[in-house]
Protein chains: 2
Amino acid sequence: MEQDINSEKLILNAAKEVFLEKGFDGARMQEIADRAGINKALLHYYFRSKDNLFDAIFKDAFEQFLPRIAGIMTTDKPFFEKLEFFIDTYLNMLSENPHLPVFVMHEINRSPEVLINIIRDSGFNPEALRSMIKKEVKAGTINPVDPVHLIVNIIGMCLFPYMGKPILQGFIFKNNAEDYQKFLTERKKEIKKFVINSIRKKV
Amino acid sequence: MEQDINSEKLILNAAKEVFLEKGFDGARMQEIADRAGINKALLHYYFRSKDNLFDAIFKDAFEQFLPRIAGIMTTDKPFFEKLEFFIDTYLNMLSENPHLPVFVMHEINRSPEVLINIIRDSGFNPEALRSMIKKEVKAGTINPVDPVHLIVNIIGMCLFPYMGKPILQGFIFKNNAEDYQKFLTERKKEIKKFVINSIRKKV
DNA sequence: AGTTGGTTTAACCAGTTGGCAAAATTAATA
DNA sequence: TATTAATTTTGCCAACTGGTTAAACCAACT
């Protein structure tokens with residue numbers, strides 16, 4: 001069986017839930033303890049302070065937030081396949097963690113210096129993406145574009161549907177949750193179509 | 001002269017600053033009072049509670065956050081001009097209120113029901129945008145696109161550069177504030193180019 | 001059974017924070 | 001000037017919250 005659930009993991013799971021929902025300032029140690037089904041003092045036994053616990057969650061969340069590009073870059077698949085894989089992967093991650101973007105950006109905004117230090121060595125290398133796109137421009141696969149702008153365009157189009165869920169669902173879809181969900185599933189092909197239409201070189 | 005600064009306005013200005021920076025949970029009534037240069041009790045004299053004060057700020061912020069489309073729609077300018085004007089206007093607003101998007105989305109996320117009620121009648125009509133885009137598709141000006149996806153694409157590309165400032169400045173631009181600023185100014189033409197490239201009908 | 005070490009809990013504390021009541025000050029009106 | 005009303009401040013409090021301490025519990029080993 002070994003259903004010997006370990007307390008540290010219980011705490012981390014509950015803490016991630018609460019912090020992502022409420023943010024650091026809105027989160028309560030008591031609520032984290034309750035959701036983990038343990039005593040509040042145990043939080044301080046495993047993690048010394050609220051800040052410590054938060055840092056663990058934030059570091060983890062931020063690494064999840066950064067696009068995982070290493071795996072895609074190394075393959076020798078054609079560029080547009082890489083692009084589609086990138087969009088698929090990122091949207092899947094967001095579907096599983098819809099609160100992630102707002103959480104990361106709100107917290108990093110609250111105290112940039114401190115949090116930037118926590119994530120300094122997150123092993124994200126934008127230079128690789130940059131040079132890949134430049135190569136494709138040179139090869140004539142795609143129109144000349146600034147790589148950074150292209151990346152920001154794509155990320156922006158992926159993030160907003162999730163970050164703006166209450167706004168979109170409430171204003172555009174008249175509180176119809178199904179319509180919103182359908183919209184999310186359409187997103188994959190829509191973003192791909194939109195991007196490829198924009199950058200693919202016409203003959 | 002009439003520099004008879006009225007206290008209510010002083011409070012509202014300070015409150016907007018603090019709430020946008022720290023969010024509801026992170027904001028302190030004392031700090032708002034300090035920034036307004038008045039006594040804390042005066043906050044409760046003009047606005048009964050922290051919630052009341054926040055609601056006033058949030059309602060205002062949300063209306064600012066929604067794209068102002070009424071003025072654009074009524075003109076008889078060609079579609080692409082309207083589009084460019086829309087992007088210019090929205091990016092200008094964001095330059096003046098860079099904290100707005102994260103603030104609105106974090107707070108609306110914290111308690112959707114309550115805040116949705118506050119902004120119920122904000123006079124934003126997505127249907128007008130929708131039908132305008134449909135008309136252009138029918139007229140053959142642009143490729144067939146789902147209007148909602150197009151709008152979400154554009155808004156997403158506008159928002160992310162501002163919401164992700166610390167991330168972009170820290171990771172992409174190696175903490176070079178000038179490079180980030182230059183990037184922001186480039187955004188206008190880059191978004192326009194990207195969108196128009198994607199949807200303009202080729203002959 | 002007794003001992004030892006790690007784990008969990010109950011009880012409590014000190015600092016903070018939103019909010020209030022009453023006094024004090026200023027402005028307006030008679 | 002006297003009086004009334006509006007605005008501002010001082011001083012305070014009750015509730016909440018992160019954190020601590022000491023006791024209780026529990027498994028493993030002797």
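Everything quoted here is computed from the prediction, not taken from an experiment. To find a chain, count down the sequence lines: A is the first, B the second, and so on, and within it residues start at 1.
Atoms OH (B:Tyr46) and C1' (D:dT9) sit 13 Å apart, rounded to a whole Å. When the C1' atom of D:dG18 is taken as reference, atom CD1 of A:Ile32 falls 11 Å away, rounded to whole Å. Computed from coordinates, the A:Leu42 CG to D:dC25 P distance equals 16 Å when rounded to whole Å. In this structure, B:Leu10 atom CG and D:dT9 atom P are separated by 11 Å, rounded to whole Å. Summarising the geometry, the separation between CZ on A:Phe54 and P on D:dG18 is reported as 13 Å, rounded to the nearest angstrom. Summarising the geometry, the separation between CG on B:Asn39 and P on C:dA23 is reported as 17 Å, rounded to the nearest angstrom. Rounded to a whole Å, the CG atom of B:Leu43 is 10 Å from the C1' atom of C:dG18. The NZ atom of A:Lys40 sits 10 Å away from the P atom of D:dT17 (whole-angstrom rounding).
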Is there a side-chain contact (heavy atoms from CB on, under 4.5 Å) between B:Val18 and B:Arg28 once you walk through the steps? CA-CA 8 Å; B:Val18 176; B:Arg28 296 286 165 260; over 6 Å; no
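In this structure, A:Glu21 does not pair ionically with B:Arg110, as no charged nitrogen and carboxylate oxygen lie closer than 4.0 Å.
Taking every side-chain heavy atom of B:Ile38 into account, D:dT9 is the closest of D:dT9, D:dT21, C:dT8.
Of all the residues in residues 13-31 of chain A, A:Ala27, A:Arg28, A:Met29 reach under 4.0 Å from DNA chain D with at least one non-hydrogen atom.
Inspection of the B:Asn153 and A:Arg187 side chains reveals an N or O donor paired with an N or O acceptor under 3.5 Å. Checked by atom type, the side-chain pair A:Tyr45/A:Ser7 shows no donor-acceptor distance below 3.5 Å. A:Asn109 and B:Lys165 share no donor-acceptor pair across their side chains, judged by distance under 3.5 Å alone.
Among the heavy atoms of the strands, none lies under 4.0 Å from A:Phe47.
The side chain of B:His44 contributes no N or O atom lying less than 4.0 Å from OP1 or OP2 of C:dC20. Side-chain N/O atoms of A:Ser7 include one lying less than 4.0 angstrom from OP1 or OP2 on C:dT8. Taking only side-chain nitrogens and oxygens, A:Tyr45 never comes nearer than 4.0 Å to OP1 or OP2 of D:dT20.
Taking the six-membered ring for Trp and the full ring otherwise, B:Phe173 and B:Phe183 have centroids separated by under 6.0 Å.
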Solution key, residues 53-70 of chain A side-chain donor-acceptor pairs under 3.5 Å, sequence neighbours excluded:
{"unit_1": "A:Gln64", "atom_1": "OE1", "unit_2": "A:Lys16", "atom_2": "NZ", "d": "2.9"}

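With hydrogens and angles ignored, no donor-acceptor pair under 3.5 angstrom links the side chain of A:Lys50 to the base of D:dG19.
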